[in-house]
Novice: 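The structure that follows is given in the form of structure tokens.
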Amino acid sequence: MSPTHVASFTPGYRMKTVKIEAVETLRLGAHPNLLWVRIHTEDGCTGLGETYFGAGPSEADVHERIAPIILGQDASQIEFLNMKMQPYVGFTGSGAEVRALAAIDVALWDIAAKSAGKPLCDLLGEEPGPEFRSTTLVLERTTSPRPRR
């Protein structure tokens, strides 16, 4: 969904033009398969995206291929950037490249929501009902060498 589409769903919403200044990746030693991507804009806003599994190759793709494409670009042009980050028409799959793209995409949407001062669901024109399904990944390190009975 492009910022144009977002604007059409949200009356009075218009995302300002803001350039991407830096792309940063974060990994924790305790969770080697998790990768967070933080995008910094020139106005100080940051967006956080996440991906799981194959963090090393995804991290390499973020820095070696994607960052040179999006640095200096307008963070509000999410759909345009998504197309630029895909190396060829028909690009699809489930490899490190797709996971890296997903983390960047989530970070860009996070910036859009923060810039608008609204929850992302408002930008997309949907309000969650009183009940909605969600999935949460909880990672816990146990200190006990014995299984619980």
Novice: Could you pull out all residues at least two apart from Asp110 that satisfy salt bridge (charged side-chain N to carboxylate O under 4.0 Å, His left out)?
Specialist: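 If we apply the salt bridge (charged side-chain N to carboxylate O under 4.0 Å, His left out) test to Asp110, skipping adjacent residues, the hits are Lys114.
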
Novice: With a 4.5 Å cut-off on side-chain heavy atoms, are Lys84 and Ile70 touching?
Specialist: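 No, too far: nothing below the 4.5 Å cut-off.
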
Novice: Apply side chain to side chain contact (heavy atoms under 4.5 Å, CB included) to Leu34 and Leu28, showing your working.
Specialist: CA-CA 7 Å; Leu34 288 175; Leu28 300 177; over 6 Å; no

Novice: Tell me whether Thr46 contacts the main-chain N or O of His40 through its side chain, where contact means a donor paired with an acceptor under 3.5 Å.
Specialist: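 Side chain of Thr46 to backbone of His40: no pair is present.
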
Novice: State the CE-CD1 distance between Met83 and Ile78, to the nearest 0.5 angstrom.
Specialist: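 Reported value, rounded in 0.5 Å steps: 12.0 Å.
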
Novice: Is there side-chain contact between Ile104 and Leu81, with at least one heavy-atom pair below 4.5 Å?
Specialist: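 No, every pair of side-chain atoms sits at 4.5 Å or beyond.
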
Novice: Residues in side-chain contact (heavy atoms from CB on, under 4.5 Å) with Pro119, at least two apart?
Specialist: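 With sequence neighbours excluded, Pro119 shows a side-chain contact (heavy atoms from CB on, under 4.5 Å) to Cys121, Asp122, given in chain and number order.
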
Novice: Are Val62 and Val23 close enough that some pair of their side-chain heavy atoms sits under 4.5 Å apart?
Specialist: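 Yes. Closest side-chain heavy atoms under 4.5 Å.
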
Novice: With sequence neighbours left out, write down each residue that passes side-chain hydrogen bond (donor to acceptor under 3.5 Å, both in side chains) with Asp43, or none if nothing qualifies.
Specialist: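 Asp43 satisfies side-chain hydrogen bond (donor to acceptor under 3.5 Å, both in side chains) with Lys16, Thr41 only.
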
Novice: If you compare all heavy atoms of Gln73 against all heavy atoms of Phe80, which two are closest, and at what distance to 0.1 Å?
Specialist: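 Between these two residues, the closest heavy atoms are OE1-CE2, 3.8 Å.
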
Novice: Is the closest side-chain heavy-atom distance between Val106 and Thr51 below 4.5 Å?
Specialist: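 The answer is no, as the side chains (C-beta and beyond) never meet within the 4.5 Å cut-off.
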
Novice: Check Ser58 against Ala96 and note the closest heavy-atom contact, atom names and distance.
Specialist: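 Heavy-atom minimum between the residues: OG-O, 3.3 Å.
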
Novice: Answer whether the closest heavy-atom distance between the side chains of Leu101 and Arg65 falls below 4.5 Å.
Specialist: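 The answer is yes; the side chains approach within 4.5 Å.
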
Novice: Under the salt bridge (Lys or Arg N to Asp or Glu O under 4.0 Å) rule, what pairs show up with a residue in residues 22-36, not counting sequence neighbours?
Specialist: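 Sorted pair list: Glu24-Arg38, Arg27-Glu59.
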
Novice: When rounded to the nearest 0.5 angstrom, what is the spacing between CG in Asn33 and OH in Tyr52?
Specialist: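 Spacing of CG (Asn33) from OH (Tyr52) equals 5.0 Å.
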
Novice: Quick check on side chain to side chain contact (heavy atoms under 4.5 Å, CB included): which of Leu108, Ile111, Ile69 does Ile20 satisfy it with?
Specialist: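 Exactly one option meets the side chain to side chain contact (heavy atoms under 4.5 Å, CB included) with Ile20, and it is Leu108.
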
Novice: If the condition is side-chain contact (heavy atoms from CB on, under 4.5 Å), which residues does Ala107 pass it with, not counting sequence neighbours?
Specialist: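 For Ala107 the side-chain contact (heavy atoms from CB on, under 4.5 Å) partners, ignoring immediate neighbours, are Ile39.
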
Novice: Taking only residues two or more places apart in sequence or in another chain, which ones pass side-chain contact (heavy atoms from CB on, under 4.5 Å) with Glu42?
Specialist: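 Counting only residues at least two positions away or on another chain, Glu42 forms a side-chain contact (heavy atoms from CB on, under 4.5 Å) with Val18, Lys19, Glu21.
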
